[in-house]
Amino acid sequence: MAKLTMVQAINQGLKVAMESNPDVVVLGEDVGRDGGVFRATEGLLDLFGNERVVDTPLSESGILGTSIGMAVYGLRPVPEIQFMGFLYPAFDQLVSQAARIRTRSTSRFTCPITLRVPYGGNVKSPELHSDSLESLIAHSPGVKIVTPSNPYDAKGLLLAAISDPDPVVFAEPLRLYRSIREEVPEGWYQIELGKAKVAREGSDVTVISWGSLLPTCLRAAELANEEGTSVEVIDLRTVSPIDAETILRSVVKTHRAVVVHEAPKSAGLGAEVAAILAEEAILDLEAPVSRVTGYDTPFPLPVVERSYVPSDRRVLEAIRACIKF
Amino acid sequence: MAKLTMVQAINQGLKVAMESNPDVVVLGEDVGRDGGVFRATEGLLDLFGNERVVDTPLSESGILGTSIGMAVYGLRPVPEIQFMGFLYPAFDQLVSQAARIRTRSTSRFTCPITLRVPYGGNVKSPELHSDSLESLIAHSPGVKIVTPSNPYDAKGLLLAAISDPDPVVFAEPLRLYRSIREEVPEGWYQIELGKAKVAREGSDVTVISWGSLLPTCLRAAELANEEGTSVEVIDLRTVSPIDAETILRSVVKTHRAVVVHEAPKSAGLGAEVAAILAEEAILDLEAPVSRVTGYDTPFPLPVVERSYVPSDRRVLEAIRACIKF
Amino acid sequence: MVAKSRSTTKDASARYSPVQILNSEGELTGPSPVIKDEQLVRTLKLMIIGRSFDQRALSLQRQGRIGTYAPISGQEAVQVVSSLCLSDDEWMFPTYRDYAAMYVHGMPLRDLFLYPMGHPQGGRAPESVNIYAISISIATHLPHAVGAAWASKIKGEKKAFMTYHGDGATSEGDFHEAMNFAGVFQVPLVTICENNGWAISLPRERQTHSETIAQKGEAYGVAAVMVDGNDILALYKVISESLDRARAGDGPTFIEAVTYRLGPHTTADDPGRYRSQEELEEMKLKDPLVRTAKYLRGLGLLSESEEAEMWEEAKSLVGDALKEAESIAPPNPDFFFDHVYAELTPNLLKQRREFVPEEAE
Amino acid sequence: MVAKSRSTTKDASARYSPVQILNSEGELTGPSPVIKDEQLVRTLKLMIIGRSFDQRALSLQRQGRIGTYAPISGQEAVQVVSSLCLSDDEWMFPTYRDYAAMYVHGMPLRDLFLYPMGHPQGGRAPESVNIYAISISIATHLPHAVGAAWASKIKGEKKAFMTYHGDGATSEGDFHEAMNFAGVFQVPLVTICENNGWAISLPRERQTHSETIAQKGEAYGVAAVMVDGNDILALYKVISESLDRARAGDGPTFIEAVTYRLGPHTTADDPGRYRSQEELEEMKLKDPLVRTAKYLRGLGLLSESEEAEMWEEAKSLVGDALKEAESIAPPNPDFFFDHVYAELTPNLLKQRREFVPEEAE
Ligand SMILES: Cc1ncc(C[n+]2csc(CCOP(=O)(O)OP(=O)(O)O)c2C)c(N)n1
Ligand SMILES: Cc1ncc(C[n+]2csc(CCOP(=O)(O)OP(=O)(O)O)c2C)c(N)n1
Ligand SMILES: [Mg+2]
Ligand SMILES: [Mg+2]
């Protein structure tokens with residue numbers, strides 16, 4: 001078994017999917033000859049040819065819109081949008097179209113698309129290259145959103161997404177593309193969508209996060225451990241539909257919860273997690289549900305982004321405050 | 001003082017704004033000759049001419065995008081999008097452009113736009129004519145969103161929005177356009193943005209809502225009152241930035257909260273309200289924060305919409321459950 | 001190379017003018033394509049069914065028996081002929097105004113009533129009928145049509161695809177992105193712009209500054225034709241040629257069919273606010289039904305009694321369909337939970353369990 | 001009327017070919033517009049400053065002293081000439097690649113370094129300089145340029161507006177919607193497409209199926225011209241005429257300036273993956289700096305030593321600007337809270353109060 005980075009695991013996942021299913025096609029800006037601006041689609045053009053690996057015009061709504069037609073007509077398109085901030089121009093096609101084809105046709109037509117899109121900051125990119133939109137998508141019925149926090153999950157979730165009969169946004173945390181290497185099995189394996197993972201067991205407080213900030217949360221948990229606090233870390237993996245059961249099971253045990261994400265706080269997905277707890281576990285909570293998040297500003301320029309994205313320190317402080325409450 | 005419906009109050013507000021400020025221009029699909037598909041802009045073309053009241057091509061991104069340029073160049077555009085479901089194609093221009101011009105230029109350029117857009121269901125419209133997107137907008141820094149629940153507020157909030165130096169989405173509850181008539185002062189008056197209103201005072205439970213569902217909440221409060229429960233009803237009026245202070249002040253008093261909106265539940269704005277309470281008022285809460293909302297499906301066809309939009313009955317039941325807890 | 005003068009819209013108007021073979025008087029202005037007599041008669045018959053459906057739907061709406069309805073009167077020729085040119089195994093991507101096109105391609109009249117009644121079955125063509133679900137959001141279906149045609153090409157099929165949209169739709173970004181993909185990937189798609197003169201209250205001249213809509217095809221290197229959309233002979237010629245090109249792998253065609261919306265935009269609209277009675281009267285003279293009937297009478301293919309019979313038959317067909325539609329049971333009140341994902345999510349399961357339908361008003 | 005044959009892209013290519021006056025050898029192929037000698041010399045000088053800035057920025061990026069940078073080499077002629085044609089009191093809406101255009105319109109070189117350094121001041125032209133803030137999202141600024149030009153028209157001014165975009169940008173919906181509004185409302189805007197042959201790795205031929213980009217103007221009834229974008233004489237002629245039309249109230253013009261991106265897309269890009277060395281070598285022969293210098297030498301306006309001096313001066317100008325840029329203090333770590341709304345919301349007030357900056361890595 002080879003040790004792969006996340007971007008390599010994704011690349012391998014795409015190869016496996018395309019080998020095992022001739023209906024899988026990959027399309028997007030620079031995904032062919034160039035192999036994708038992050039090399040996630042490297043080598044696919046040579047292996048599968050330019051009918052299945054397509055360099056498209058600069059046209060996000062066109063990429064997703066034509067993918068919908070392909071999906072309805074029996075293919076399994078895997079379009080790429082270069083950064084999550086460029087999902088905005090395709091947002092209409094995502095939430096009013098891809099997400100509603102099934103509803104509109106009372107399930108005569110379906111839309112099995114896996115929309116790959118890198119997201120998240122702290123990689124010194126220009127504006128709109130660091131946005132995290134999981135909350136917008138979680139509020140839009142008919143589409144799912146998944147985000148891996150490590151290479152193994154990345155491949156397994158990607159293959160599950162491609163197999164899913166409905167549209168799935170596969171959000172790839174940019175910052176983790178090459179930061180971790182781990183053993184990734186060759187060939188096909190899937191990680192069931194809709195299931196969170198307990199990434200670290202603990203008993204004093206539950207930290208809930210996903211994707212780009214999982215390593216931060218795990219580091220903060222380790223620091224807390226050194227101070228004698230036992231932290232359980234939950235990796236949602238599938239952000240929508242959310243796995244409320246796993247969250248509740250943990251908080252019923254720990255009685256304390258901290259939610260961590262890098263999107264702005266207001267109406268972020270952290271609010272949904274807190275709301276689930278306020279609705280289903282009010283008697284179990286022994287401290288406020290705290291949210292460690294990006295600020296309510298657009299993602300700022302690289303000079304200050306390290307202070308915008310939740311850090312080990314901020315998560316640790318929230319854990320401490322929660323315990324002390 | 002004349003008794004006006006909400007749509008008449010909005011129409012009067014637009015007239016007052018255009019009379020008092022020559023920089024105010026109105027543009028959108030069918031807003032001129034036709035007077036708007038709901039007659040909100042009726043008469044403006046004759047009064048102010050076709051340079052200030054403009055029928056545009058069928059092009060939401062174009063309407064909002066050109067409004068941004070106008071605003072940057074010193075005008076005060078008041079564009080209309082015909083239904084909130086057609087804001088999706090302009091979503092990029094709203095949240096990545098209008099909302100960020102100030103940030104991008106460190107306040108050299110600003111974007112004082114008031115985007116008028118009807119929303120909400122139970123008026124027997126086709127798909128995408130009933131969507132409520134306040135949560136998506138509340139998660140997008142740089143833009144505000146306001147929604148009136150009565151004719152008086154409609155005019156006052158509209159004039160405040162037009163005076164605001166930043167982009168404001170002015171969301172008009174379709175269902176209330178003609179359902180209520182009340183006295184509306186002539187001339188200019190403003191209702192401060194960012195301030196919620198206690199629409200009904202009470203002591204046992206707080207119901208928090210906005211726009212289209214306020215009358216429902218008030219009716220449910222009346223029914224609860226007959227059963228001996230005293231309900232405080234908060235009308236957020238400005239959905240973003242949210243007036244957490246008014247909400248907290250009420251819940252600290254009543255110890256119980258129900259949030260009501262017609263958008264889907266998951267990651268809806270009700271989650272933000274619940275999260276604020278879970279974060280700031282955990283020791284005050286004596287019952288779960290319950291959310292009475294649309295279901296996690298696309299807004300359905302007219303045959304069943306009455307069962308989708310929160311009803312008096314559903315709000316009342318939530319109040320009862322909250323009290324009994 | 002030397003400086004060329006800048007191109008103006010004048011040039012374009014010289015290059016584009018509507019193909020016409022049958023004028024408003026029902027007279028030939030050029031050689032007719034070869035069309036069998038029965039086919040000509042059938043075309044008129046189907047147009048009459050379209051008009052009858054329309055008249056019935058309008059009166060039903062006034063009685064409150066159906067919801068908002070977008071009338072087709074004036075646009076029957078382009079809808080019927082284009083649909084007749086498409087094979088049953090080929091696909092159509094219609095708009096909310098393409099009732100006659102959908103009917104001809106196999107959608108039961110009953111289901112066409114169910115659509116403005118807001119019954120979910122109205123949004124779903126029977127399994128064997130190759131009609132895509134209508135999206136109310138203007139122009140959003142165009143990239144879908146391109147994608148489906150593209151998928152068919154990838155699969156090695158030799159099918160043509162057809163999609164419709166209005167003059168207003170050409171202003172949307174999705175029109176542009178779809179047409180550009182159609183050109184770049186040379187998909188087997190015929191796109192028909194039913195230019196009916198209006199987009200709600202906006203006249204065609206203020207929708208775009210180009211003299212014709214057809215010339216928009218040039219922006220994409222896509223073959224483009226402008227055709228008299230009320231002239232069944234020109235339509236047969238232009239559309240069948242375009243579909244054949246698509247089937248042969250020769251790429252997409254963009255067709256501007258110049259027609260006219262004789263009725264209001266929808267039953268919720270009052271065209272008296274923005275359009276003159278004179279314009280309407282003038283355009284009534286171009287009515288495709290009148291013109292086609294004149295032509296058939298001239299050819300000796302239609303007697304007065306035969307025409308009257310067609311109207312009678314159409315009316316009873318429409319009446320029967322309406323009865324059927326009104327006898328269809330409403331859906332279960334919780335049906336909408338079942339069509340969000342293939343399987344209900346935990347959230348949806350819980351919400352459906354707790355769901356209590358409201359009583360009717 | 002009789003049937004017209006369908007228009008093909010062949011027709012378009014016959015109508016559009018690049019206006020050229022000065023060929024790659026620096027020879028006149030037609031009559032030059034009247035341009036003062038000093039202006040010609042100044043034009044070259046500014047192009048050399050552009051090139052020097054570019055070379056310096058590229059090397060700084062390699063040293064890690066600035067962030068990702070989008071080079072301009074090859075595109076100096078269109079940027080410099082267009083900007084020289086615009087008056088100081090008129091407005092420019094640039095992209096991330098328009099360093100030379102911005103410089104000529106008044107943006108200090110220092111601030112142009114601050115932009116790829118990620119300093120907020122790089123995104124903000126000085127108060128007196130009429131340059132709009134760059135949006136990284138392709139084509140999103142085009143409707144803004146249209147809106148500003150429209151507002152100016154409403155205010156009764158006689159100003160022209162100018163905006164730039166790439167060949168790739170023409171595929172976005174916002175390009176389409178902006179151009180359509182420009183046509184319908186006849187705004188005083190000149191839109192310059194810097195067709196540099198590539199959009200990252202996608203060659204122009206696969207961006208769109210139209211033979212030229214200029215012909216896209218026809219879709220909107222907007223006057224369109226194709227021009228050799230490396231030929232300063234043709235650019236002067238075409239752009240100044242277009243701006244004059246705008247000022248005179250004669251509406252918008254769409255210009256395709258055919259140029260070439262000699263460098264990578266950005267410093268993060270490796271063009272070796274998708275573009276041949278042969279193509280690059282061939283295009284180097286069309287370098288606008290070489291061509292302009294040859295022409296000026298031929299006219300006796302430029303000696304070898306004068307040219308060398310221009311390069312020296314440019315380098316020291318650029319060096320000084322860099323020093324200035326590097327001496328500018330970084331912004332306060334919490335500056336970004338202050339530019340979301342005119343006043344901080346309660347949320348933002350609280351968040352800024354609690355904000356603790358992270359230490360540098
Ligand atoms: C994206 C979007 N914006 C606005 C509307 C509202 N609307 C419905 S039909 C229509 C006019 C359409 O005009 P056209 O494309 O010419 O088609 P026609 O109705 O004339 O057949 C408008 C503005 C919509 N349905 N979708
Ligand atoms: C909406 C959007 N999609 C994708 C990108 C990523 N991107 C940056 S530049 C570029 C290519 C632009 O090509 P072109 O318009 O020809 O301009 P050029 O870079 O060649 O000057 C792409 C795809 C972006 N910035 N914005
Ligand atoms: Mg129309
Ligand atoms: Mg380019």
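Values reported hereafter were calculated over all heavy atoms of this structure, with side chains retained and with hydrogens, waters and symmetry mates removed. Convention: sequence-line order gives letters A, B, ...; per-chain numbering from 1. Predicted, not measured: the structure shown is a model, and the values here were computed from it.
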Colleague: When only pairs under 4.5 Å are counted, which of Glu172(C), Gln207(C), Met226(C) shares the most heavy-atom pairs with chain D?
Modeller: Glu172(C)
Colleague: Looking only at atom types and distance, does a side-chain atom of Arg275(D) sit under 3.5 Å from a main-chain N or O of Pro203(D), one as donor and one as acceptor?
Modeller: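 Here the side-chain-to-backbone pair does not exist.
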Colleague: Specify which of Asp228(D), Asn23(D), Val184(D), Ile213(D) makes the most heavy-atom pairs with chain C at under 4.5 Å.
Modeller: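 Maximum pair count with chain C is reached by Val184(D).
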Colleague: For Phe175(C) and His165(C), I'd like to know if the aromatic rings sit close, meaning centre-to-centre distance below 6.0 Å.
Modeller: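 Aromatic pair counts; centres sit under 6.0 Å.
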Colleague: Can you tell which of Ala234(D), Gly183(D), Gly251(D), Ala214(D) has the highest number of heavy-atom pairs within less than 4.5 Å of chain C?
Modeller: Gly183(D)
Colleague: Chain C heavy atoms under 4.5 Å from Phe181(D): which part of the residue, side chain, backbone, both or neither?
Modeller: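 Answer is neither: Phe181(D) stays 4.5 Å or more from chain C.
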Colleague: Using only atom types and a distance under 3.5 Å, with no angle test, would you say the side chain of Glu177(C) pairs donor to acceptor with the backbone of Gly173(D)?
Modeller: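 At least one qualifying donor-acceptor pair exists.
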Colleague: If you tally heavy-atom pairs under 4.5 Å against chain C, which of Val227(D), Thr170(D), Thr208(D) wins?
Modeller: Thr208(D)
Colleague: Checking side-chain polar atoms at under 3.5 Å, does Ser276(D) have a donor or acceptor matched by the opposite partner on Glu279(D)?
Modeller: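 Side chains of Ser276(D) and Glu279(D): no pair found under 3.5 Å.
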Colleague: Identify which part of Glu205(C) has an atom lying under 4.5 Å from any heavy atom of chain D, answering side chain, backbone, both or neither.
Modeller: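 Glu205(C) has no heavy atom closer than 4.5 Å to chain D.
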Colleague: Taking all non-hydrogen atoms of both residues, which atom of Lys159(C) and which atom of Arg247(C) are closest, and how far apart?
Modeller: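 Distance-wise, the nearest heavy atoms are C-CG, 4.4 Å.
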